[in-house]
Asker: 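One structure, as structure tokens, below. Some questions next.
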Amino acid sequence: MAGKKAKELPYTLPEEFHVFGFSSDLLTWYDSQKRDLPWRINRDPYRVWVSEIMLQQTRVETVKSYYANFMEKFPTVGALAEAPEDEVLKAWEGLGYYSRARNLQAAAREVQARYGGIVPDTPEDIATLKGVGPYTAGAILSIAYEKVEPAVDGNVMRVFSRLLYLTDDIAKPATRIKIEHLVRQVIPRGRAGDFNQALMELGAMVCVPRSPQCLTCPVFDYCMARQEGVQEDLPIKGKAKPPRPVHLQVAVVMRDGQVLINKRPDTGLLAGMWEFPMVETEVERESAKQDVLNNSLRDRFAVEIEVLESLGEVQHTFSHLQWNMQVWSCDWIEGDELPPNARLVAVDELDIYTFPMAHHKIRELMQQKSDRS
DNA sequence: AAGTCGTGGGG
DNA sequence: TCCCCAAGACT
């Protein structure tokens with residue numbers, strides 16, 4: 001094995017790190033200070049599963065109301081498996097990362113069919129479920145089934161970076177692997193779920209990204225970064241690229257109190273969400289923009305429109321894109337056969353469909369316009 | 001490995 | 001205002 005190095009060394013905890021004391025002190029703090037969260041009422045695997053999917057890249061406060069509504073509508077794996085996809089998407093509207101909703105339902109159907117409705121309890125089986133990656137697998141296995149598996153999220157990487165003075169870039173996948181190895185050595189048998197949650201709770205409440213509350217930290221004594229006074233400089237994380245600007249022309253096409261909407265493809269950005277028809281443009285001339293819009297609606301919906309007036313501009317920023325939308329009110333001139341992805345819907349009934357936030361902003365623009373006139 | 005995939009809160 | 005970022009997964 002030429003060039004192969006011993007992999008154990010970088011995954012070994014420092015000799016001076018007192019594992020038992022750390023885990024014990026952290027759990028004692030967690031037992032008395034943990035927040036009362038809706039998904040901590042019990043350890044039902046399905047409840048834990050839904051919460052972990054919702055919490056991916058999403059704040060606790062934001063998730064709370066969505067979680068309550070979702071569990072009421074889809075209280076069991078079976079209920080979620082049998083539900084129409086549109087209802088699941090509607091329950092997810094506004095949460096973002098909508099593929100989570102589709103993957104969750106697809107996985108629920110898989111669990112129903114393959115595992116009799118019981119969420120699998122082994123790393124091998126649970127990892128096959130759509131939307132369940134390394135973190136979520138460890139979270140479900142430890143919290144719901146008390147398996148000794150790490151659940152390394154952004155909180156845990158920050159906590160461990162400071163605790164052990166790790167200078168690895170936490171944006172790199174290899175760093176998560178390394179920290180998983182380290183965490184695994186520290187998980188107390190019998191309290192794996194609480195321990196993983198305690199690490200995350202510490203990251204969320206005390207060992208926060210900016211201005212960590214070291215003076216009230218239950219594991220202050222174990223923290224190498226604090227001893228060196230560098231806790232504010234950790235973790236190391238590469239900077240994200242700025243979002244790329246995109247210029248879009250949006251058509252609000254009215255016909256007898258109805259408006260034309262379009263369902264986006266089931267893959268890619270905002271998959272399966274409804275929208276007002278829009279087309280990307282590069283040109284700067286106003287007339288050319290309207291021509292592009294006319295041509296696009298003719299090609300895609302076999303509809304002839306007339307652009308009436310500009311309703312204004314709307315901006316919406318995603319992680320990687322910045323949509324600069326120019327919104328035009330349009331008249332429906334002719335066309336009677338819409339493609340299956342398009343519909344003409346009464347304005348009062350738009351709420352039935354699931355729209356991303358970018359299009360709710362357009363609806364607000366329409367509302368402002370009608371309020372003025 | 002690096003890009004794709006949402007949204008809202010807080011410093 | 002701007003920028004970071006929050007219980008990540010998928011390609």
Side-chain angles (χ1 to χ4, degrees), chain A residues 34-35 37-40 47-67 89 92-104 106-107 126-140 142-144 150-159 169-177 179-180 183 193 195-205 207-212 232 235 237-244 246 264-273 275 315-323 354-361:
Chain A
K34 68 181 175 188
R35 292 168 290 180
L37 300 174
W39 42 90
R40 287 180 177 164
R47 290 177 58 86
V48 173
W49 179 17
V50 171
S51 75
E52 292 302 340
I53 300 297
M54 281 194 174
L55 286 162
Q56 289 170 3
Q57 297 291 284
T58 311
R59 287 177 146 64
V60 166
E61 285 309 312
T62 303
V63 167
K64 282 181 179 174
S65 61
Y66 281 91
Y67 183 76
L89 264 186
W92 211 271
E93 184 179 44
L95 249 193
Y97 288 136
Y98 299 100
S99 65
R100 290 184 296 174
R102 307 184 127 206
N103 288 337
L104 177 58
I126 205 165
T128 67
L129 299 178
K130 286 186 178 178
V132 178
Y135 162 75
T136 304
I140 298 172
S142 62
I143 298 171
V152 176
D153 71 334
N155 285 311
V156 177
M157 288 198 282
R158 180 174 59 257
V159 167
D169 183 352
I170 64 169
K172 296 185 180 302
T175 303
R176 196 205 72 241
I177 307 279
I179 295 178
E180 282 173 350
V183 170
F195 180 76
N196 281 335
Q197 292 188 85
L199 282 178
M200 293 186 278
E201 194 84 348
L202 187 72
M205 307 294 293
C207 196
V208 291
R210 284 170 300 236
S211 305
E232 300 268 7
K237 186 178 183 182
K239 287 174 185 168
K241 286 185 178 178
R244 173 174 63 89
V246 175
R264 295 176 64 90
D266 61 8
T267 58
L269 182 65
L270 304 174
M273 308 285 284
E275 66 178 4
Q315 191 176 89
H316 187 80
T317 305
F318 302 90
S319 305
H320 56 301
L321 294 176
Q322 176 175 318
W323 277 7
T354 309
F355 289 88
M357 290 313 297
H359 292 265
H360 281 289
K361 289 182 180 176

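A note on names: the letters A, B, ... follow the listed sequences, proteins ahead of strands, and every chain is numbered from 1. Just so it is clear, the values below take in all heavy atoms, side chains as well, and ignore hydrogens, waters and symmetry mates.
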Asker: May I have the distance from R102(A) (atom CZ) to dC10(C) (atom C1'), rounded to whole angstrom?
Answerer: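 Value for this atom pair: 15 Å.
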Asker: Which residues satisfy the salt bridge (Lys or Arg N to Asp or Glu O under 4.0 Å) test with R47(A), sequence neighbours excluded?
Answerer: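 Checked R47(A) against salt bridge (Lys or Arg N to Asp or Glu O under 4.0 Å); zero matches.
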Asker: Rounding to an integer number of Å, can you tell me how far E52(A) CD sits from dG8(C) C1'?
Answerer: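 After rounding, the gap between these two atoms is 11 Å.
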Asker: Taking atom P in both dG6(B) and dC3(C), what distance in whole Å separates the two?
Answerer: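 Approximately 22 Å lies between the P atom of dG6(B) and that of dC3(C).
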Asker: For R176(A) and dA7(C), what is the distance between atoms CZ and P respectively, to the nearest whole Å?
Answerer: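 The answer, rounded to whole Å, is 16 Å.
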Asker: Would you kindly say whether E52(A) and Y135(A) are connected by a side-chain donor-acceptor distance under 3.5 Å?
Answerer: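 Per modelled atom types, E52(A) and Y135(A) side chains form a pair under 3.5 Å.
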Asker: What string of B, S and - do you get for nucleotides 3-11 of chain B 5' to 3' if you count protein non-hydrogen atoms under 4.0 Å?
Answerer: SSBBBBB--
Asker: Rounding to the closest angstrom, what is the interatomic distance between dC5(C) and dC5(B) at atom P?
Answerer: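 That atom pair is separated by 22 Å.
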Asker: Of all residues at least two apart in sequence or in a different chain, which pass the salt bridge (Lys or Arg N to Asp or Glu O under 4.0 Å) check with R100(A)?
Answerer: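 None.
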Asker: Salt bridge (Lys or Arg N to Asp or Glu O under 4.0 Å) with K172(A): which residues, sequence neighbours excluded?
Answerer: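 By the salt bridge (Lys or Arg N to Asp or Glu O under 4.0 Å) rule, K172(A) matches no residue at all.
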Asker: Looking only at atom P, what distance separates dG3(B) and dC4(C), rounded to whole Å?
Answerer: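 Taking atom P in both dG3(B) and dC4(C), they lie 16 Å apart.
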Asker: Scan residues 196-204 of chain A against DNA chain C and write down, sorted by residue number, each residue with any heavy atom closer than 4.0 Å; if none is found, say none.
Answerer: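 When residues 196-204 of chain A is checked for heavy atoms under 4.0 Å from DNA chain C, the hits, listed by number, are M200(A), A204(A).
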Asker: Can you measure M54(A) atom CE to dA7(C) atom C1' for me and round it to whole angstrom units?
Answerer: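 Rounded to the whole Å, the gap is 13 Å.
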Asker: So I140(A), base contact, sugar-phosphate only, or nothing? Heavy-atom distance under 4.0 Å.
Answerer: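 Touches nothing.
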Asker: Considering only atom P, compute the distance from dA7(C) to dT4(B) and round it to an integer number of Å.
Answerer: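 Approximately 24 Å lies between the P atom of dA7(C) and that of dT4(B).
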Asker: Could you work out, with salt bridge (Lys or Arg N to Asp or Glu O under 4.0 Å) as the rule, every residue matching R264(A), not counting sequence neighbours?
Answerer: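 Testing R264(A) for salt bridge (Lys or Arg N to Asp or Glu O under 4.0 Å), a comparison that skips the adjacent residues, returns E275(A).
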Asker: At under 4.0 Å between heavy atoms, what does V63(A) touch on the DNA or RNA strands: base, sugar-phosphate, or nothing?
Answerer: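 Nothing: the residue V63(A), judged by heavy atoms under 4.0 Å, touches no strand.
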Asker: K361(A) side chain to Q315(A) main-chain N or O, any donor-acceptor pair under 3.5 Å?
Answerer: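 Side chain of K361(A) to backbone of Q315(A), a donor-acceptor pair under 3.5 Å: yes, one is there.
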